[in-house]
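The shown structure was predicted, so the numbers you read here are calculated from the model rather than taken from an experiment. In what follows, chains are A, B, ... by sequence order, proteins preceding strands, each numbered from 1.
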There are 2 protein chains.
Amino acid sequence: MKTIEKSTPCELCMSRKFSLFSSLSEPHLCHLSDHKNFITHKKGQILFYEGTKPLGVFCINDGVVKVFKTASNGKEQIIRLAKKGDFLGYASLLGEESYSNSATIVEDAKICFVPRESFLKVLAEDTEFHRRVTKALCHDLGIMEDKLTDATQKSIRERLAFTLLKLSETYGIEGNEGEKIDIILTREEIAGLVGTATETVIRLLSEFKKDELIDFEGKKILVLDKRGLARLSDFYG
Amino acid sequence: MKTIEKSTPCELCMSRKFSLFSSLSEPHLCHLSDHKNFITHKKGQILFYEGTKPLGVFCINDGVVKVFKTASNGKEQIIRLAKKGDFLGYASLLGEESYSNSATIVEDAKICFVPRESFLKVLAEDTEFHRRVTKALCHDLGIMEDKLTDATQKSIRERLAFTLLKLSETYGIEGNEGEKIDIILTREEIAGLVGTATETVIRLLSEFKKDELIDFEGKKILVLDKRGLARLSDFYG
DNA sequence: CAGATTACATGACAATAGTCACATAAATCA
DNA sequence: TGATTTATGTGACTATTGTCATGTAATCTG
């Protein structure tokens with residue numbers, strides 16, 4: 001199923017512009033280019049499993065990947081959705097631990113795999129790059145603190161409204177009737193993102209639609225009233 | 001209220017043995033020692049506020065500090081309890097962001113403050129140290145993923161049982177009738193740790209006591225039945 | 001294309017957990 | 001020490017949310 005094609009060299013990769021690799025020196029870029037693997041993945045495929053050892057880092061050229069943990073009740077808690085330009089698996093690699101989560105493809109993806117040695121070599125030789133990686137980790141940590149606080153202190157309705165706003169921020173494309181969240185997620189996946197039961201998501205989405213906050217276009221969601229969702233998503237506004 | 005005393009030099013600090021500073025070179029240690037501030041803090045004092053700029057990192061020589069976020073409903077979500085040998089504030093410093101959380105003293109503490117410049121200097125000059133800091137950040141990230149998953153997928157009863165086990169792991173001292181959690185937390189703080197309402201914690205602790213899983217000794221909690229708590233804390237065991 | 005599987009939807013119900021109100025105990029402080 | 005504040009505890013009630021059962025629609029697959 002996985003396809004190896006000829007890949008764009010990192011030097012010419014457009015996705016790189018917005019990634020941690022954006023300011024690497026020419027030689028380091030070439031080194032990565034020479035050692036990376038470019039693989040096309042189809043929806044549903046697995047990138048890595050929680051508990052296995054990271055052998056390198058993944059760099060998303062295109063597509064969407066969900067990073068999730070499987071809870072003891074069998075449900076998936078989605079930690080984040082990774083898109084073009086995002087890196088995957090570097091936290092486990094640098095933490096020298098097994099993967100703390102699993103990753104599967106949500107939208108067909110083109111992904112480069114940079115082997116451990118190459119990544120670590122560049123990290124060791126390029127202090128500025130190491131600094132940027134550290135900075136990214138710190139930022140992620142802050143995001144996780146926010147998520148944890150929201151998870152314990154906000155209602156599901158608030159969290160779902162907030163999730164929809166975030167999704168429209170990241171995947172939204174402006175249309176004539178509201179902003180379309182241009183990514184197909186099942187209700188179960190939205191539930192995993194919010195941290196709730198699938199049925200609850202279905203019910204709340206219907207409610208949001210009835211209240212004309214959102215609408216559906218095929219499998220995609222249209223955000224009609226951002227202000228309304230924002231009001232719902234927080235105690236303030 | 002804050003007291004500046006003569007401090008132990010880092011070279012001789014016992015808490016350092018278990019900290020990120022454990023493997024620093026002599027010159028770097030001396031540099032830190034020369035530039036740090038040693039301050040004694042009383043219970044209830046504030047180390048830093050969410051939203052302010054970090055001017056350095058804190059290194060706990062002794063005592064306990066709670067790191068928390070204030071949710072929009074006014075409740076505190078405790079992110080972690082930091083103890084002897086732990087560092088505070090480095091994620092915000094290295095993330096080049098304002099503090100993402102606040103920190104206050106839970107048990108009287110002796111804390112060294114290492115100014116930004118000194119910390120960054122050592123970080124830049126000692127690659128191995130940088131590597132260790134990165135590793136710690138990655139580890140923390142994994143812990144936050146676990147916490148998020150627990151928060152969304154487990155019941156309060158499970159989370160409280162788990163929290164008690166974790167506390168006894170970290171602060172437990174063996175006694176003749178079970179392990180004593182040797183730290184005084186109010187019910188409100190336990191609620192902040194678990195992410196629930198104070199009343200719920202009070203009720204569940206009474207229940208746990210009735211079921212002879214725990215007992216109270218003054219303001220402290222005795223863990224009588226770890227196995228029982230472990231059974232309660234997870235769907236498996 | 002038919003059968004199977006997966007996704008979506010809805011109702012009924014139960015249970016968990018939050019809120020509010022109030023009482024008592026403990027700690028702090030003037 | 002007495003007064004005030006803070007912490008703990010309990011009851012009553014409600015709202016939210018999860019679970020289970022069931023049905024339909026959509027999608028996949030041989």
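Aromatic ring centroids of B:Phe58 and B:Phe48 lie under 6.0 Å apart.
Residue B:Arg203 places no side-chain N or O under 4.0 Å from the OP1 or OP2 atom of D:dG9. Put simply, B:Ser206 has a side-chain N or O that comes within less than 4.0 Å of OP1 or OP2 on D:dT10. Between B:Lys75 and C:dT19 there is a side-chain polar atom (N or O) within less than 4.0 angstrom of OP1 or OP2. Contact between the side-chain N/O atoms of A:Thr186 and the OP1/OP2 oxygens of C:dA7 is not found at any separation under 4.0 Å. Phosphate proximity of D:dT16 to A:Ser155: absent, as no side-chain N or O sits under 4.0 Å from OP1 or OP2.
For A:Lys84, the NZ atom sits in a loose shell: 12 or fewer heavy atoms of surrounding residues, nucleotides or ligands are nearer than 6.0 Å.
Summarising the geometry, the separation between NZ on A:Lys154 and P on C:dG18 is reported as 16 Å, rounded to the nearest angstrom. Atom C1' of nucleotide D:dT29 and atom NZ of A:Lys42 are separated by 17 Å, given to the nearest angstrom. Atom NZ of B:Lys219 is separated from atom P of D:dT8 by 4 Å (rounded to the nearest Å). For the pair B:Ile156 CD1 and C:dT19 P, the computed distance is 11 Å after rounding to whole Å. The distance from atom CG of B:Leu204 to atom P of D:dT10 is 13 Å, rounded to the nearest whole Å. As a whole-Å value, the separation of A:Gln153 CD from D:dT16 P is 17 Å. In this structure, the CD atom of A:Glu158 is 14 Å from the C1' atom of D:dT17, given to the nearest Å. To the nearest angstrom, C1' of C:dT28 lies 15 Å from CD1 of B:Ile184.
Summarising the geometry of B:Thr152 relative to A:Arg159, their closest heavy-atom pair is CG2-NH2, 3.7 Å, with the distance given to 0.1 Å.
The cationic atom of B:Lys154 (NZ for Lys, CZ for Arg) lies less than 6.0 Å from the six-membered ring centre of B:Phe162 and within 45° of the ring axis.
Nearer the 5' end of DNA chain D, as judged by each residue's closest nucleotide, is the contact made by B:Glu188, out of B:Glu188 and A:Gly195. Each of B:Arg159 and B:Glu199 was assigned the nucleotide of DNA chain C with the nearest heavy atom; the assignment lying further toward the 5' end belongs to B:Arg159.
Side-chain atoms of A:Lys110 do not come within 3.5 Å of backbone N or O of A:His41 as any donor-acceptor pair.
Note on A:Thr198: nothing from the nucleic acid sits closer than 4.0 angstrom, heavy atoms only. In this structure, A:Ile202 reaches the bases: a heavy-atom distance under 4.0 Å links it to at least one base atom across the strands shown.
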